[in-house]
Amino acid sequence: MKPQRLCILGSTGSIGCSTLDVVSRHADTLQVHALTAHSRMEQLAQQAMSSGARVVAVPDDAARQRFLAAWPAQRPAPEIRVGAQALEACAADPDVDTVMAAIVGAAGLPSALAAARAGKRVLLANKEALVAAGSLFMAAVRQNGAELLPIDSEHNAIFQCLPHAGATLSSAMPARGVRRLLLTASGGPFRTVDIASLEGVTPEQACAHPNWSMGRKISVDSATMLNKGLEVIEAHWLFSMPPEQIQVVIHPQSMIHSMVEYEDGSILAQLGQPDMRTPIAYGLGFPDRIESGVGPLDLAMIGRLDFEPPDFRRFPCLKLSFQALEAGQEACIVLNAANEIAVEHFLNNRIPFTGIARVIEECLDRMSGSAARSPDSLEAVLELDASARQHAQQLCQ
Ligand code: NAD
Ligand code: MG
């Protein structure tokens, strides 16, 4: 059998590195064709060398120079593509079968969409793409025969608990007889601290997730629980589920990655270590199960699994996400863009942790119904995204 040829968008990130780790265990069936990164060119060069990538994409000419400086002179360098369009070219490359979309933020939308439009198998980690452009993205999957597999652990778990009979995700979901999707959330590092102390928490405290090791942006999103809000919106698009049939449950141990509740009263859950290599391996091997490097879960050692409802006073961002989903596409674009800006300012110590929710709320209030046209194209989505960012920037000053 011909090996599956991969493009990893955002290979130097947390998901990108975990993907390469799984790929390295299956040299006979998985082959890296293209890697892309926005920074850390030395790491990208290392990855390209060890994976044998034929193509890399970098943001600009300075990055290209840094990449070449890190590349051994005696070895032929891979083809280097430069600029934002290079991401889309890599995603749609005829020599690529499967695209791992693991860029962080709405910056990953054009390339994820390009992969869907090119009819690739798309392993989607980049949830912001669905939040900003869910209907556009799902339509591209449908119209171009792309094969979509969710990588976000919750959505991967839900997909595993749905009767998909070996087929990838299509808009034909939801499956019949599903009552609710139950998205589990750890509650992050601030689940039990005094709410009044949240104003003063530092970026380091916010990024210290109790169970998962992730990039800094998603770590802050987990601390505000905006991440879970983005995941509710993501689940809505992936599984065609109305918001009232998606419930968030706090489960501090992060062993159950999510659940599906059926009409007959059954609940199916997917369990495993909190290690992204499991959902990544599920996506890479689908429909087969392949070795991921993740050890088994020792249930007797764990002893107990706990659950509690989320507290909207502690996590206002979760509430704002449900409101944005109810309000529609424009509000979801604003929610996501405002959050990206606010998180960046928080990470640079320019606004307090609690300022993130305030910036998002303010942007949602001021920008509702502000789009000149409904965001039905990539250009229109990016236009509204840009103006929401500008607005959030002003609020953060
Ligand atoms: P990360 O910050 O660790 O890595 C991001 C990657 O994207 C890097 O390779 C970086 O170079 C690249 N990148 C950043 N900005 C870019 C830009 N403007 N243009 C092109 N490339 C850019 O992020 P991560 O934690 O790996 O998360 C990646 C995506 O996966 C996010 O959407 C996140 O929500 C999602 N996700 C991550 C996890 C996790 O465990 N880390 C779990 C579920 C979902
Ligand atoms: Mg998740």
Side-chain angles (χ1 to χ4, degrees), residues 7-21 34-44 46-48 56-60 63 66-67 81-88 90-91 100-112 114 122-132 150-159 183-186 188 207 209 211-222 225-235 238 248 251 254 256-258 270 272-280 283 294 336 339-340 343-344 347 382 385 389:
C7 164
I8 306 175
L9 302 167
S11 67
T12 53
S14 165
I15 294 288
C17 292
S18 294
T19 304
L20 283 167
D21 181 279
L35 299 175
T36 87
H38 200 63
S39 57
R40 301 205 289 253
M41 291 299 124
E42 300 70 26
Q43 185 187 357
L44 180 64
Q46 282 300 332
Q47 291 182 333
V56 296
V58 304
D60 49 33
R66 288 204 305 282
F67 180 89
R81 298 180 184 162
V82 179
Q85 292 78 14
L87 300 173
E88 290 164 66
C90 286
M100 167 58 82
I103 290 173
V104 62
L109 169 59
S111 51
V122 186
L123 311 187
L124 188 68
N126 177 236
K127 65 191 84 187
E128 296 91 344
L130 272 183
V131 171
I151 297 302
D152 207 350
S153 59
E154 295 74 7
H155 308 77
N156 189 273
I158 288 168
F159 182 63
L183 288 182
T184 52
S186 69
C207 287
H209 196 279
N211 308 332
W212 295 92
S213 153
M214 308 179 284
R216 280 166 74 79
K217 189 259 176 185
I218 185 177
S219 296
V220 176
D221 288 350
S222 300
M225 277 193 81
L226 192 275
N227 180 53
K228 207 52 53 181
L230 298 181
E231 290 180 355
V232 169
I233 301 170
E234 186 185 7
L238 286 172
V248 174
H251 162 48
S254 298
I256 295 181
H257 299 311
S258 277
Q270 186 261 347
Q273 300 279 5
D275 186 323
M276 287 306 292
R277 290 177 300 173
T278 296
I280 289 168
V294 179
N336 180 64
N339 178 60
E340 287 191 32
V343 168
E344 192 185 309
L347 284 171
L382 296 179
D385 173 85
R389 275 165 207 267

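Each residue takes its place number in the sequence, starting with 1. Remember, it's 1-based here, ligands and their atoms both numbered in the order they're listed. Worth knowing before you read on, the calculation uses all heavy atoms, side chains too, and leaves out hydrogens, waters and symmetry mates.
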Check: His209 side chain, Met214 main-chain N or O, donor-acceptor pair, under 3.5 Å
no

With respect to atom 41 (N) of ligand 1, which of Pro274, Ser213, Gly13, Ser14 exhibits the smallest heavy-atom separation?
Ser14

Indicate yes or no: does an N/O atom of His38 lie under 3.5 Å from an N/O atom of ligand 1?
yes

In terms of residue, atom name and distance, what is the protein heavy atom nearest to atom 23 (O) of ligand 1?
Val104 CB, 3.9 Å

Which option wins on minimum heavy-atom distance to atom 26 (O) of ligand 1: Ile15, Leu35, Asn227?
Ile15

At under 4.0 Å between heavy atoms, is it the side chain or the backbone of Met276 that contacts ligand 1, or both, or neither?
side chain

Measuring from the heavy atoms of Lys217, does anything fall under 4.0 Å of ligand 1?
no

Ligand 1 and Ala37, any nitrogen or oxygen pair closer than 3.5 angstrom?
no

In ligand 1, which numbered atoms sit nearer than 4.0 Å to a non-hydrogen atom of Ala107?
17 (C), 18 (N)

Ile218 side, atom CD1; Lys127 side, atom NZ - distance, nearest 0.5 Å
3.5 Å

Here the atoms of ligand 1 under 4.0 Å from any heavy atom belonging to Gly10 are 6 (C), 7 (O), 9 (O)

Looking at atom 25 (O) of ligand 1, what's its closest protein heavy atom, distance included?
Gly215 N, 3.0 Å

Does a salt bridge link Glu344 with Arg389, judged by any charged N lying under 4.0 Å from a carboxylate O?
no

Would you say Gln43 and Thr12 are linked by a side-chain donor-acceptor pair, where the criterion is simply a distance under 3.5 Å?
no

For ligand 1, which atoms sit closer than 4.0 Å to a heavy atom of Met214?
39 (C), 40 (O), 41 (N)

Please determine which of Lys228, Gln270, His257 meets the side-chain hydrogen bond (donor to acceptor under 3.5 Å, both in side chains) test together with Glu154.
Lys228

At less than 4.0 angstrom from any non-hydrogen atom of Asp152, what atoms of ligand 1 do you find?
43 (C), 44 (C)

So is there a nitrogen or oxygen of Glu128 less than 3.5 Å from a nitrogen or oxygen in ligand 1?
yes

Are any of the N/O atoms in Trp212 less than 3.5 Å from those in ligand 1?
no

Is Gly16 near ligand 1, meaning one of its heavy atoms is under 4.0 Å from it?
no

